[in-house]
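Side chains included, hydrogens not; waters and symmetry mates left out as well; all remaining heavy atoms used.
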Amino acid sequence: SPQCNIWASIYFEHGIVVEERFRSHGRLENLENAIVDYEKAVKYAEPNHGVCRSNYHRRLEDALVAYREKVAELTQDGHPDEAIRHYKLGDASLERFSRHSKLEDLDKAISSLWKAIKLAPDGHLEQANFRNRLGDALLARFERLDSIGDLDGAISSYQKAVDLTPDDVHKPPHLHRLGGGLEARFNRLDDLEALDGAVSTRQQAVELTLDDHPDKPLFLDGLAHAQEVRFKRLHDLKDMENAVSSKRKAYDLTPEQHQYKQVRAKCLEELEKECIVEEKHLKAEADAKRLKEERNAIEAKRLEEEATLMNSSSLESLESKIPLMQKSIKLTSEDRDSRLMILGDVQQARFKRLNEAADINSAISNYQWAVDLTPDHHKAKPSRLMILGDAFRSRFRRFGKIKHLKEAISNLKKADEITTNDHPSKALCHYSLGDALRVRFEHFGKLERLGDAISKLRKSVEMSPDEPRFLNGYGRALLALFEHQNKLEDLESAISHFERAVKLSPQDHPRRPHYLHDLGNALRMRFERLNKPEDLENSILNLHKSSELMPNGHPDKPVHLNGLGVAYLVRFEGQGSRADLERAISTLQEADALMLDVHPSKPSILSNRGRALRAGYERMRKLEDLNTAIQSLRTAAEHRDDQSGNLSHLLNLAVALQERFERFGSPADLESLISSLKKVVTLMADNDPNRANCLNTLGKAHKTRYELLGIFTDLDRSILNLQHAVAITPDNDPYKAHRLNNLGSVYSISFDKREMVEHLQEAVSVQDRAVELTPDGHPNGPTFLSNYGDALYRRSNSLGDPEDRKSALKAFTKAAKSAVGHPRQRFDAAL
């Protein structure tokens with residue numbers, strides 16, 4: 001159409017001609033060229049010419065459909081153009097996604113581009129372009145779905161494209177894209193290393209590009225943006241000045257008639273104005289820094305006085321001060337905010353001595369009043385918000401209510417947000433907020449929340465690398481990440497930070513027992529992963545020191561005893577020493593006796609005590625140990641409802657109930673076992689490695705209850721759970737045959753009781769599969785063969801097929817002649 005941009009019309013008409021050649025001769029390159037022409041027509045069409053753009057898009061869509069059909073027809077394994085065609089198909093799908101935003105197009109693009117990369121031999125001339133385009137697709141999916149895996153994959157693909165390209169004119173576009181991926185990682189994770197990489201790679205792109213290259217202004221724009229972002233994060237004026245310089249050069253290199261000339265002029269003007277403002281602002285901050293330090297010194301003095309009060313004042317002194325301070329606050333409003341903070345400090349000090357709920361509640365009330373009276377611009381606002389947040393955490397530890405933890409996080413976030421990066425307390429803000437976020441993750445199990453915690457705690461360590469408290473807090477977050485993802489490098493890093501915290505803390509430091517406790521627990525976990533005896537011995541040594549150093553009456557004493565008790569139990573399970581078992585039981589019983597029922601750690605202590613008593617029952621067969629174990633485990637399971645804490649307690653309870661039922665056959669234990677396993681299956685993630693075993697055990701329990709009560713609903717539930725267990729168990733799992741055998745036996749019972757022929761057919765099928773998966777010489781082989789023979793014999797009697805009777809006899813004979821297996825089973829098969 002003459003109303004459209006002339007070039008758009010030319011490309012469109014040329015595309016039609018080239019496509020007609022494809023229609024006549026069937027040559028794929030003609031269709032590829034037509035698609036390129038249509039894409040250019042779309043690109044150059046004026047935005048306000050909707051009819052033309054619609055025609056171009058429709059023609060392009062039809063060509064892409066034809067292209068995909070032709071590629072599917074022509075692309076055979078081993079075809080010399082197979083890689084390049086998959087690339088072009090991926091490129092076309094990605095272009096389609098950019099227009100219609102359909103996720104299925106993006107997934108197809110990624111799949112095709114991966115195939116292109118895998119099919120292209122080493123040294124293929126287009127490998128770098130393949131990698132580059134795959135990076136574009138993965139980055140687009142990250143922007144759509146916010147998957148960090150896609151972002152890291154995009155960066156990796158861009159980096160590979162850069163590595164494969166020599167330092168010539170083809171390299172800058174790859175570097176530019178890599179810079180974009182790294183900048184996206186910074187924006188998502190606040191990763192400063194990624195931001196530095198973005199500036200560096202985009203600087204390389206600019207340096208490798210000649211001034212007369214048409215893409216040089218684009219690369220300069222990208223560099224300026226990365227420099228500006230880094231300035232806003234680090235407030236280094238040199239970055240802002242460099243951004244202005246890059247923007248100015250981008251403008252200078254843009255031709256006068258270029259469509260972006262005026263846009264770049266406006267951006268440059270705004271950036272120059274912002275640079276002047278920021279320069280004045282930084283100068284004002286520098287001038288005010290000395291005054292800020294003096295004001296901070298006043299607040300630090302108050303905190304120092306608070307610490308002295310909490311550590312050295314006698315209880316009698318605290319008791320006498322509280323009513324006097326309350327009276328003075330009522331009498332006058334002068335300096336009321338500071339007096340409320342001091343009163344809160346005194347009440348919190350008494351709470352730490354007596355652990356009375358009224359004290360921490362009153363302290364929080366007074367802290368909140370003081371915060372409300374403090375203007376946002378006041379120098380003391382951040383520290384008061386932190387103190388209030390820490391008080392809410394103390395109340396959370398006392399009552400175990402999530403709402404108190406949420407209040408703590410809310411106040412700590414406010415403190416972190418209003419504290420400038422150059423403030424002496426900024427690292428402490430990061431630490432306090434990060435540690436509270438870590439605790440929230442431990443209760444809700446959402447990985448993105450742990451990522452936020454790790455980010456804050458890492459910043460605290462970067463700002464104060466020799467502060468033991470920050471090192472230990474970061475280590476605890478890494479340990480939580482290891483427990484969630486089971487990556488050894490996270491555990492190793494956690495141990496490294498714990499060891500440094502212990503090394504840097506003075507012998508008489510009040511938090512040293514906590515550092516020793518965390519180090520001991522991490523070493524025990526590494527022992528359980530790598531089975532190195534020295535890790536377990538060092539774990540017990542550190543945990544023992546931790547418990548000894550923790551004063552009696554301290555609210556955290558039971559937690560430290562719990563860690564020591566678990567380490568003794570682990571050593572007993574590995575070495576069988578009765579002394580370790582007795583130490584584990586006594587230590588965990590002491591922890592249970594000292595811990596308040598409302599404390600969040602109470603369920604874990606009860607669960608570990610139950611585990612130790614059950615181990616004692618298995619060793620000495622004392623019924624009272626098993627009964628007490630079940631009582632502790634049941635209380636732990638009932639104590640909390642959140643998934644992350646309750647699942648392990650329910651699993652431990654189910655194991656103990658199954659053990660007692662198998663010994664005494666109590667219907668009540670069977671009911672409790674089924675109830676516990678149902679909750680476990682509901683709470684357990686679909687990919688949990690223990691899920692198949694739990695479903696199998698639940699299926700067997702329903703079968704047992706059917707045998708006791710004769711209710712067909714139990715038989716149906718048994719089949720359903722056993723089917724699910726078999727379905728999610730891979731064929732190479734050594735328990736697959738056992739689970740098939742269990743399912744087959746329930747099918748056989750169902751046929752016997754209800755004459756359901758389809759269940760008889762299923763029984764034969766799954767028992768056959770169990771025999772097939774069992775290697776020769778396996779001790780359970782005769783059992784599976786006998787059950788298979790029984791199923792065949794039943795089907796022969798029911799359906800009258802003589803071949804089933806022959807096959808049954810063959811299975812019985814093989815079972816009877818087996819050199820392995822229980823003699824009684826082989827004897828029964830012979831009969």
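Note that the CD1 atom of I719 and the NE2 atom of H702 stand 12.0 Å from one another [nearest 0.5 Å]. If you take CG on L491 and CG on L479, they are separated by 6.5 Å, rounding to the nearest 0.5 Å. Summarising the geometry, atom OG1 belonging to T587 is positioned 10.5 Å from atom CG belonging to L569; distances are rounded to the nearest 0.5 Å. Note that CZ of R794 and CG of L799 are 13.5 Å apart. Values are rounded to the nearest 0.5 Å. Distance check, rounded to the nearest 0.5 Å: CD1 of I630 to CG of L657 gives 5.0 Å. Rounded to the nearest 0.5 Å, atoms CG (L581) and CG (L613) are 8.5 Å apart.
The side-chain hydrogen bond (donor to acceptor under 3.5 Å, both in side chains) test applied to D580 returns R571, R583, not counting sequence neighbours. In this view, D597 and K602 satisfy the side-chain hydrogen bond (donor to acceptor under 3.5 Å, both in side chains) rule, not counting sequence neighbours.
The shortest heavy-atom contact between F142 and S147 is CD1-O, 3.2 Å. V764 and A791 make their closest contact through CG2-O, 3.6 Å (heavy atoms, listed as atom of the first residue, atom of the second, distance). Listed here is the closest heavy atom pair of A137 and L113: CB-CD1, 4.1 Å. Considering all non-hydrogen atoms of both residues, S539 and R524 come closest at OG-CB, 3.4 Å. Residues S718 and G699 share a closest heavy-atom pair of OG-O, 2.7 Å. In terms of heavy atoms, P558 sits closest to I605 at O-CD1, 3.9 Å.
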Would S798 and L760 satisfy side chain to side chain contact (heavy atoms under 4.5 Å, CB included), going step by step from the backbone distance to the final call?
CA-CA 9 Å; S798 176; L760 178 59; 3.9 Å; yes
Verify side chain to side chain contact (heavy atoms under 4.5 Å, CB included) between Y747 and Q723, making sure each step is shown before the conclusion.
CA-CA 11 Å; Y747 275 134; Q723 283 176 331; 2.5 Å; yes
R619/D625 under salt bridge (charged side-chain N to carboxylate O under 4.0 Å, His left out): CA gap, chis, key distance, verdict:
CA-CA 10 Å; R619 177 67 177 266; D625 285 343; over 6 Å; no
Between E659 and R663, is a salt bridge (charged side-chain N to carboxylate O under 4.0 Å, His left out) present by the stated rule, with each step listed?
CA-CA 6 Å; E659 195 159 12; R663 181 172 178 187; over 6 Å; no
Check the pair L809 / Y793 against side chain to side chain contact (heavy atoms under 4.5 Å, CB included), numbers first and verdict last.
CA-CA 8 Å; L809 181 60; Y793 192 76; over 6 Å; no
Apply side chain to side chain contact (heavy atoms under 4.5 Å, CB included) to the pair N797 and R805, showing each step before the final yes or no.
CA-CA 8 Å; N797 290 337; R805 191 175 294 271; 2.8 Å; yes
May I have the step-by-step check of salt bridge (charged side-chain N to carboxylate O under 4.0 Å, His left out) for R188 and D146, ending in yes or no?
CA-CA 9 Å; R188 177 63 177 80; D146 198 35; 2.9 Å; yes
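Residue R705 is tested with D714, D716, D669 for a salt bridge (Lys or Arg N to Asp or Glu O under 4.0 Å); the sole match is D714.
Under the 4.5 Å side-chain criterion, counting only non-hydrogen atoms from C-beta, K679 is in contact with S675. With contacts defined as side-chain heavy-atom distances shorter than 4.5 Å, the pair F482/E489 does not qualify. Side chains of S601 and M595 form a contact here, defined as non-hydrogen atoms less than 4.5 Å apart. Residues L722 and L695 have side chains not in contact (no heavy-atom distance under 4.5 Å, counting atoms from C-beta outward). Residues N652 and V655 fail the side-chain proximity criterion, which asks for heavy atoms closer than 4.5 Å. Between E758 and Q761 there is no side-chain heavy-atom pair separated by less than 4.5 Å. Using a 4.5 Å heavy-atom threshold, the side chains of E573 and R611 count as touching. Taking the side chain as every heavy atom from C-beta outward, T704 and F661 approach each other to under 4.5 Å.
Residues N562 and R609 have side chains that never bring a donor and an acceptor to within less than 3.5 angstrom of each other.
Here the side chain of S786 pairs a donor or acceptor atom with the backbone of P782 at under 3.5 angstrom. Checking side-chain atoms of T635 against main-chain N and O of Q631 turns up a donor-acceptor pair under 3.5 Å. Side chain of T697 to backbone of N693: a donor-acceptor contact under 3.5 angstrom is found. Under the 3.5 Å distance criterion, the side-chain polar atoms of S807 are matched with a main-chain donor or acceptor of E803. One N or O on the side chain of K736 and one on the backbone of V726 form a donor-acceptor pair closer than 3.5 Å. Looking only at distances, no side-chain donor or acceptor of S607 sits under 3.5 Å from a matching main-chain atom of P603. The backbone N or O of R717 sits less than 3.5 Å from a side-chain atom of N721, completing a donor-acceptor pair. Formation of a donor-acceptor pair under 3.5 Å by the D592 side chain with backbone atoms of L588 is not found in this model. Judged by distance alone, with hydrogens and angles left aside, the side-chain atoms of R144 form a donor-acceptor pair with the main-chain N or O of S101 at under 3.5 Å. Judged by distance alone, with hydrogens and angles left aside, the side-chain atoms of S632 form no donor-acceptor pair with the main-chain N or O of A629 at under 3.5 Å.
D776 CG: 12 or fewer foreign heavy atoms inside a 6.0 Å radius. Under a cut-off of 6.0 angstrom, the local environment of CZ in F712 is crowded, with over 12 non-hydrogen atoms contributed by other residues, nucleotides or ligands. Residue-environment remark: NZ (K814) stays at or below the threshold of 12 foreign heavy atoms within 6.0 Å.
For the pair R621 and Y617, the cation-pi test (distance below 6.0 Å, angle within 45°) is passed.
Using cut-offs of 30° and 60° on the angle between ring planes, the pair H778 and H738 is perpendicular.
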